[in-house]
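Input: a single structure, listed below in structure tokens.
Chain A is the first sequence line, chain B the second, and so forth, proteins listed ahead of strands; every chain is numbered from 1.
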Amino acid sequence: MEDNHHEYTQLEKNRLEKAARLREQGIEPYPHRVQRSHTSQAAIQAFEALENDEGAEAVQATLVGRIRSMRPMGKLVFAHIEDGAGRIQLFIRANDVGKEQLDLFKSEFDLGDFVEASGEVFRTRTGEISLRVNEFRILAKAITPLPAAKDEVTEEGEVVRHASLTDPETRYRQRYADLAINEEVREIFRVRAGVSRALRDFMDDRGFLEVETPILQPIYGGAAAKPFVTHHNQLKQELYLRISFELYLKRLLVGGYERVYEIGRDFRNEGVDRTHNPEFTQIEFYWAYADYNDVMRLTEEMVRYVAEQVTGGTTIEYQGNQIDLSKDWQRIELKEGLIELASIDIDEYPDAESLAAAMRAKDMKVDPKAPRGKLIDTLIGEFVEPTLIQPSFLYNYPRDISPLAKNLPGDSATVERFEGFMAGFELCNAFTELNDPIEQELRFQEMGRAYTDEDEERHPMDEDYLRAMRYGMPPNGGFGMGVDRLTMLFTDKANIREVILFPHLRSRED
RNA sequence: GGGCGCGUAGCUCAAUGGUAGAGCAGUGGCCUUUUAAGCCAUUGGUUGAAGGUUCGAGUCCUUCCGCGCUCACCA
């Protein structure tokens, strides 16, 4: 690896020289203290409020922000600065600041610099509310030019972006630059924050207690996924980054809480694609004395509530599809859905061999080692999932892929589990939780047999979880949902990386 | 991991195997109500990396790196 010394480009050298020249003039390019009286939008609103009031005094303001555009015109400079609230135009005139100051601004200030400017708010001849600057100061000199974007505001008020940063690799690796110039990217993460807040409000309002459970776990579980492995030096112990919260949250029901939830990060050491990131955010809740029917109804309410909070409505457009969240979700029994869409009645194929044969008859590639449940899941992915554009619950899943779910009464091969879908992808997963410790131990053993010892997805036996359950666990319904995917729906993004601030990319020496 | 595609200036993109270019940004000028400001001039490149074919490679071949789409995988 080469040394980490940054090789400055000519553009950067220019700006370093500008910073040096400012210092020579006794101007600190990175001062400690800042004055600010208004945000850009507050100044504009204050002006608008008093504009038609003849007797009102002019609005004096000290504003701060980053220079996003500059139009020098001889003895006058127009510039836009951008702060957290928006943009406002600066009007800097030799008459107001003096020729020396104007020249200083024109020669040493660049796009991307943070500045402070004071003056009176007014409206220019063309009607734009602006700050007539009589004093300004640099707050932070930018050395690297932002990957320049020029915005054109049409007469309809539409913003047309010219030559912005669009290369996805650079956008993700240098998210700070992406955010700095692409306002709509900043908006994505405001929506994301709104989704988290709405989820918390929803759960809190219904008496669910927000808790935090271990991320570093001696035994991973609650899902079938490969974990990340790490090591505690002093304890000389292997630890896993959690793949789900489930087993810890249900221990809390044993402890006496009736309703708990957690929003946090899961880690799965698996493939990366447009709906999978190695770390992702989940919400899980466990609800004592509820079953999966109750959980379905709560899910409908929850997603509708989040939509209302985040978008103001109950209809969303996702990748060209209108999705209606105002109504109850479609309920499709898994078996019926497969008969209808795959023309396969799974009851006629009670074992993996016969089902695999039926699938091969449909020209499907079939993993010869796959257990029956996994084959059924393949059928769902192939025939059912892509058709579920409107919100839908697929319910009653095969027992052998659901070791933590309770049997359907009178049906030992099926469990009370559902998955929620919309826009053609899986959004959530829930079941009536298994709370019989003897049955649970049996299920763990079955899972152990379903996978070979080397298989990293093999379900490890969690003895402590069984011990907890033996103390008595109330009947309960549990639920998990990907917050990233939910955010994708509300931001109309097809790639999970668009809704993760710093998505994982392969390391690169650059 | 497989298939397909992409990688050229700070950004967005051109360039039949034949002198690497444009717009924006930058730099130097002109310009006191502009807003993709305008006008004149001008700097800027190890064409992702390394090999190879060729008189000659951004272009063709091989390998590698990275990204995208897709398939597989992911209860």
Considering every strand and a 4.0 Å limit on heavy-atom distances, what is the contact class for A:Tyr397: base, sugar-phosphate, or nothing?
nothing

Partner nucleotide of B:U53 by Watson-Crick or wobble geometry (both distances under 3.5 Å)
none

B:U27 -> Watson-Crick or G-U wobble partner, both distances under 3.5 Å, gives B:A41

Pairing partner (Watson-Crick or G-U wobble, both distances under 3.5 angstrom) of B:G68:
B:C4

Could you tell me whether A:Phe418 and A:Phe393 have their ring centroids closer than 6.0 angstrom?
yes

Output the rounded distance in Å from CZ (A:Arg372) to P (B:A75).
18 Å

Nucleotide nearest A:Pro168 when distance is taken to its side chain, options B:G68, B:U32, B:G66:
B:G68

Now, which nucleotide makes the Watson-Crick or G-U wobble pair with B:A14, with each of the two distances under 3.5 Å?
none

If you only use heavy atoms from C-beta on, which nucleotide in B:U12, B:U34, B:A75 is closest to the side chain of A:Asp167?
B:U12

Hey, does the side chain of A:Arg71 come within less than 4.0 Å of B:A37's phosphate (OP1/OP2), counting only N and O?
yes

Please report the distance separating the P of B:A25 from the corresponding atom of B:C39, rounded so that it comes out in whole Å.
11 Å

Starting from the 5' end of RNA chain B, give me the residue, A:Phe431 or A:Leu505, whose nearest nucleotide shows up first.
A:Leu505

Using a cut-off of 4.0 Å on non-hydrogen atoms, how would the nucleic acid contact of A:Thr9 be classed: base, sugar-phosphate, or nothing?
nothing

Under a 4.0 Å N-O cut-off, is there an ion pair linking A:Glu108 with A:Arg21?
yes

Distance check, P atoms only: B:G29 and B:C69, in whole angstrom units.
47 Å

Quick check: any donor-acceptor pair below 3.5 Å linking the side-chain of A:Thr166 to the base of B:U12?
no

Under the rule for salt bridge (Lys or Arg N to Asp or Glu O under 4.0 Å), what residues qualify as partners of A:Arg242, not counting sequence neighbours?
A:Glu262, A:Asp266

At under 4.0 Å between heavy atoms, what does A:Glu12 touch on the DNA or RNA strands: base, sugar-phosphate, or nothing?
nothing

Are A:Tyr261 and A:Phe285 close enough that their ring centers fall under 6.0 Å?
no

Mate of B:U19 where both pairing distances stay under 3.5 Å, Watson-Crick or G-U
none

Taking B:A49 as the reference, what is the distance to B:C6 when you measure between their C1' atoms (whole Å, please)?
16 Å

Out of B:U32, B:U34, B:C73, which nucleotide sits closest to the side chain of A:Asp273?
B:C73

Rounding to an integer number of angstrom, what distance separates B:U47 and B:C65 when you compare their C1' atoms?
16 Å

Whole-Å C1' distance, B:C67 and B:C60
23 Å

Return yes if the base of B:U33 and the side-chain atoms of A:Thr126 contain a donor-acceptor N/O pair under 3.5 Å, otherwise no.
no

Are A:Asn396 and A:Glu416 close enough, and set up right, to give a side-chain hydrogen bond (donor to acceptor under 3.5 Å, both in side chains), and what steps lead you there?
CA-CA 5 Å; A:Asn396 292 352; A:Glu416 293 194 350; over 6 Å; no

For RNA chain B, what residues of residues 349-357 of chain A have any heavy atom nearer than 4.0 Å?
none

Residue matched to B:G58 through Watson-Crick or wobble contacts both under 3.5 angstrom:
none

Can you check the distance between B:G7 and B:G48, where both ends of the measurement are the P atom (answer in whole Å)?
8 Å

Will you find, in the side chains of A:Lys406 and A:Tyr292, an N or O donor that is under 3.5 Å from an N or O acceptor?
no

So, do A:Phe109 and A:Phe136 have ring centers that fall under 6.0 Å from each other?
yes

Is the distance from OP1 or OP2 of B:U70 to the nearest side-chain N or O of A:Arg274 less than 4.0 Å?
yes

note: A:Asp103, atom CG; B:C30, atom P; distance rounded to Å ~ 10 Å

Could you pull out the protein-nucleic contacts involving nucleotides 25-27 of chain B (nitrogen or oxygen on both sides, under 3.5 Å)?
unit_1	atom_1	unit_2	atom_2	d
B:A25	OP1	A:Lys150	NZ	2.8
B:G26	O2'	A:Asn14	ND2	2.8
B:U27	OP1	A:Lys18	NZ	2.4

According to ring pair (Phe, Tyr, Trp, His ring centres under 6.0 Å), who are the partners of A:Phe122, at least two apart in sequence or on a separate chain?
A:Phe91

What about A:Phe228 and A:Tyr240, are their ring centers closer than 6.0 Å?
no

A:Arg173 side chain, from C-beta outward: closest of B:C74, B:G66, B:U34:
B:G66

What nucleotide among B:A75, B:U34, B:C67 has an atom nearest to a side-chain atom of A:Ala224?
B:A75

Check every atom of B:A75, B:U32, B:U35 against the side chain of A:His80 and return the nucleotide holding the closest atom.
B:U35

Taking 4.0 Å as the cut-off, does a side-chain nitrogen or oxygen of A:Arg506 come that near to OP1 or OP2 on B:G66?
yes

Given RNA chain B, 5'-ward residue of the pair A:Thr378 and A:Arg497, judged by closest heavy atom:
A:Arg497

Work out how far the P atom of B:C4 is from that of B:C64, and round it to whole angstrom.
14 Å

Which part of the nucleic acid, if any, lies within reach of A:Pro398 when heavy atoms closer than 4.0 Å are counted: base, sugar-phosphate only, or nothing?
nothing

Checking A:Lys362 now: which residues fulfil side chain to side chain contact (heavy atoms under 4.5 Å, CB included) with it, not counting sequence neighbours?
A:Ser343, A:Ile344, A:Met364, A:Phe383

Here the side chain to side chain donor-acceptor pair (under 3.5 Å) pairs for residues 377-387 of chain A, sequence neighbours left out, are none

Using a 4.5 Å cut-off on heavy atoms from C-beta on, say whether the side chain of A:Leu489 contacts that of A:Phe425.
yes

In whole angstrom, give me the gap between the P atoms of B:U63 and B:G68.
22 Å

Grab the NE2-P distance between A:His276 and B:C71 for me, whole Å please.
13 Å

Of the nucleotides B:U33, B:C74, B:C11, which one has an atom closest to the side chain of A:Glu270?
B:C74

